Amino acid sequence: MPPKPQPKPQPKPQPKPQAKPQAKAPAKPEPNQQAQAQKPRVIEGFDPKEFAKNLAGEASQVLPPELSEADKKFVVELVHKFCFLCADALVKDEKYNLNAAQASLITQFIGEWTFHKSVDLINGGIALELREGVLQKVAFTVFEIAKQAITRNLPQEQIIQVIEVQVKNCFTQAINDLKSKGKIDDGILNRTLSQSSIDAMSQAEFDQERNLGDDLSDAKILKLASLALLMKKLPQEKTKSITSKLNQTEAQVLLQYIKMPNLEQKIDKDITIRCLEEIKGILPEPKNISPERIYAKLFKIVKYSDKNQISNIIETERPAIKQFVLSPYTKEDVKIPSHIGNVICKYLEEKLDRR
């Protein structure tokens with residue numbers, strides 16, 4: 001019998017190729033999250049780098065002249081370092097959410113106490129390698145106390161007093177720690193704790209103020225001090241331009257007040273405003289008078305005068321002049337040449353003075 005045909009071998013089913021896993025697209029960040037990631041937190045009107053730089057610059061201007069150049073460099077650099085670290089931390093601190101004025105004040109406290117205790121350490125004979133550790137403790141104390149006091153809205157005088165007490169305690173403890181660790185002896189400990197550069201500077205300022213302008217009247221000295229407040233932030237060229245118009249004694253007094261730290265805390269605000277108004281009153285009119293300046297002058301005249309009195313003065317004037325004079329009342333935008341507006345304002349002032 002012929003052999004039976006064998007069934008043909010069936011090909012084994014090949015496994016279906018699996019689709020390659022697709023990489024998941026990263027989840028898109030929410031709009032708010034994306035904005036937060038892109039924009040670091042800021043305090044409007046407060047620049048940590050610039051503020052720290054300014055405070056270090058102020059410190060360099062009031063360094064005791066007897067310090068060595070190396071010690072002066074140490075003080076200025078540490079004031080800059082601690083002020084920047086403080087300012088940067090305040091900006092990033094979401095808990096307290098400080099404004100520019102609060103952040104500036106806290107950073108200024110850090111700068112001032114870093115400056116004074118640096119000088120005390122130097123004059124006390126503390127070795128360079130031991131100073132920064134002590135000053136870190138002082139700066140941290142000031143930072144925490146000032147932050148809490150300011151956010152509780154304590155009066156500034158009270159804040160200053162609280163900080164001063166805490167700094168004294170912290171500084172004394174830090175110097176005693178150096179002694180207990182054998183890093184300084186009793187002589188250096190006692191000499192350092194007896195230092196007080198803040199008292200020395202206060203006395204020097206008092207002596208300077210007492211000797212300021214012996215040939216000037218009290219009224220003129222107050223005006224110069226008030227003017228100095230405005231000029232503290234002016235460019236050096238502008239300051240030179242203004243002082244060049246004064247006599248030698250007045251210019252010297254003005255420059256001394258400009259360089260004086262915390263001048264704004266030494267003059268009563270109301271006195272400053274009055275003095276600046278008096279200074280403004282004797283200044284000559286600017287050669288180029290803008291329409292805005294003329295309208296502001298007119299508004300001031302009209303504001304403090306009776307409307308009927310004003311109307312009587314301009315009763316016989318042309319309609320355009322009447323409209324201009326009465327525009328602060330009517331709120332109309334009346335166009336008039338600046339030089340004519342200036343003449344009208346002077347005429348009104350003269351007429352009102354005579355009545």
Side-chain angles (χ1 to χ4, degrees), residues 52 55-90 93 105-150 152 154 156-207 261-262:
L55 289 178
E58 290 179 11
S60 69
Q61 299 298 314
V62 292
L63 285 164
E66 65 271 13
L67 296 186
S68 68
E69 291 304 314
D71 286 337
K72 289 179 180 179
K73 182 180 179 183
F74 168 81
V75 174
V76 173
E77 288 183 350
L78 207 63
V79 167
H80 181 269
K81 177 181 177 180
F82 282 4
C83 285
F84 175 71
L85 291 174
C86 164
D88 191 53
L90 292 173
D93 193 334
L105 186 58
I106 295 171
T107 308
Q108 189 168 345
F109 283 142
I110 293 284
E112 289 178 353
W113 281 109
T114 299
F115 175 89
H116 289 300
K117 300 325 278 181
S118 295
V119 175
D120 289 349
L121 289 175
I122 292 168
N123 290 336
I126 300 294
L128 177 62
E129 63 273 14
L130 302 177
R131 297 173 193 166
E132 188 164 345
V134 174
L135 295 168
Q136 282 178 349
K137 295 176 182 177
V138 170
F140 180 77
T141 298
V142 175
F143 182 78
E144 289 300 322
I145 297 296
K147 191 164 55 170
Q148 294 173 30
I150 285 175
R152 286 168 54 196
L154 294 181
Q156 187 167 324
E157 284 301 320
Q158 189 175 343
I159 296 173
I160 292 171
Q161 291 172 5
V162 171
I163 291 175
E164 187 170 358
V165 170
Q166 294 301 322
V167 166
K168 184 177 180 180
N169 292 339
C170 167
F171 187 74
T172 301
Q173 182 61 52
I175 300 304
N176 281 317
D177 287 347
L178 292 179
K179 170 64 173 59
S180 65
K181 293 175 183 177
K183 295 184 177 181
I184 61 173
D185 57 26
D186 285 329
I188 293 179
L189 180 143
N190 293 328
R191 187 162 66 248
T192 302
L193 293 181
S194 66
Q195 298 293 324
S196 181
S197 73
I198 191 168
D199 289 341
M201 286 190 68
S202 297
Q203 183 61 44
E205 287 180 16
F206 173 78
D207 293 340
N262 302 322

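This structure is a prediction, so every number in the text was calculated from the model and none was measured.
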**OP:** Rounded to the nearest 0.5 Å, what's the gap from SG on C170 to CD1 on I175? Could you check?
**Re:** 9.5 Å
Original post:
Which atom pair, heavy atoms only, marks the closest approach of L90 to F143?
Top reply: CD2-CE1, 3.6 Å
Original post:
In a check of side chain to side chain contact (heavy atoms under 4.5 Å, CB included) between T192 and each of L178, I184, I126, which one passes?
Top reply: I126
Subject >> Residue pair F171 / K137, side-chain heavy-atom distance below 4.5 Å >> reply: no
Original post:
Listed by chain and number, what are the side chain to side chain donor-acceptor pair (under 3.5 Å) partners of Q166, not counting sequence neighbours?
Top reply: none
Subject >> Residue pairs involving residues 167-178 (criterion side chain to side chain donor-acceptor pair (under 3.5 Å); sequence neighbours excluded) >> reply: Q173-D177
Original post:
In chain order, what residues pass the salt bridge (Lys or Arg N to Asp or Glu O under 4.0 Å) check against E66, with sequence neighbours excluded?
Top reply: none
**OP:** Looking only at non-hydrogen atoms, find the nearest pair between V134 and A174 and report the distance.
**Re:** CG1-CB, 3.9 Å
Original post:
Would you say the side chain of N123 lies within less than 4.5 Å of the side chain of L67, judging by non-hydrogen atoms?
Top reply: yes
Original post:
Nearest 0.5 Å, what's the CG-OG distance between L189 and S194?
Top reply: 9.5 Å
Original post:
Under 30°, 30 to 60°, or over 60°: which ring-plane class applies to H80 and F84, parallel, tilted or perpendicular?
Top reply: parallel
**OP:** Among residues two or more places apart or on two chains, list those pairs meeting salt bridge (charged side-chain N to carboxylate O under 4.0 Å, His left out) that have a residue in residues 183-195.
**Re:** K179-D186
Original post:
Just wondering, do F109 and I145 contact through their side chains at under 4.5 Å, heavy atoms?
Top reply: no
**OP:** Please list, chain by chain and in numerical order, all residues satisfying salt bridge (Lys or Arg N to Asp or Glu O under 4.0 Å) with K147, sequence neighbours excluded.
**Re:** D93, E144
Original post:
Does any non-hydrogen side-chain atom of C86 lie less than 4.5 Å from one of I106?
Top reply: yes
Subject >> Shortest non-hydrogen contact from T114 toward L135 >> reply: O-CD2, 4.2 Å
**OP:** Quick one: closest heavy-atom pair of A149 and I159, and the distance?
**Re:** CB-CG1, 3.8 Å
Original post:
Heavy-atom distance under 4.5 Å between the side chains of I122 and F74, does that happen here?
Top reply: yes
**OP:** For V76, enumerate each residue passing the side chain to side chain contact (heavy atoms under 4.5 Å, CB included) test, keeping only those at least two apart in sequence or located in another chain.
**Re:** A56, S60, L63
Original post:
Residues in side chain to side chain contact (heavy atoms under 4.5 Å, CB included) with K81, at least two apart?
Top reply: L78, L85, E132
**OP:** Dump the intermediate steps for side-chain contact (heavy atoms from CB on, under 4.5 Å) on T141 and W113, then the final yes or no.
**Re:** CA-CA 10 Å; T141 298; W113 281 109; over 6 Å; no
Original post:
For E58, what residues pass the side chain to side chain contact (heavy atoms under 4.5 Å, CB included) criterion, not counting sequence neighbours?
Top reply: L55
Original post:
Does A127 have any side chain to side chain contact (heavy atoms under 4.5 Å, CB included) partners at least two apart in sequence or in another chain, and if so, which?
Top reply: E129, L130
Original post:
Of all residues at least two apart in sequence or in a different chain, which pass the side chain to side chain donor-acceptor pair (under 3.5 Å) check with S68?
Top reply: D71
Original post:
Just by distance, do the side chain of R131 and the backbone of S118 share a donor-acceptor pair under 3.5 Å?
Top reply: no
Subject >> Evaluation steps, side-chain contact (heavy atoms from CB on, under 4.5 Å), between V167 and H116 >> reply: CA-CA 11 Å; V167 166; H116 289 300; over 6 Å; no
Subject >> Atom pair CG (D120) and CZ (F115), whose distance is rounded to the nearest 0.5 Å >> reply: 10.0 Å
Subject >> For I188 against G124, the heavy-atom pair lying closest together >> reply: CG2-O, 3.6 Å
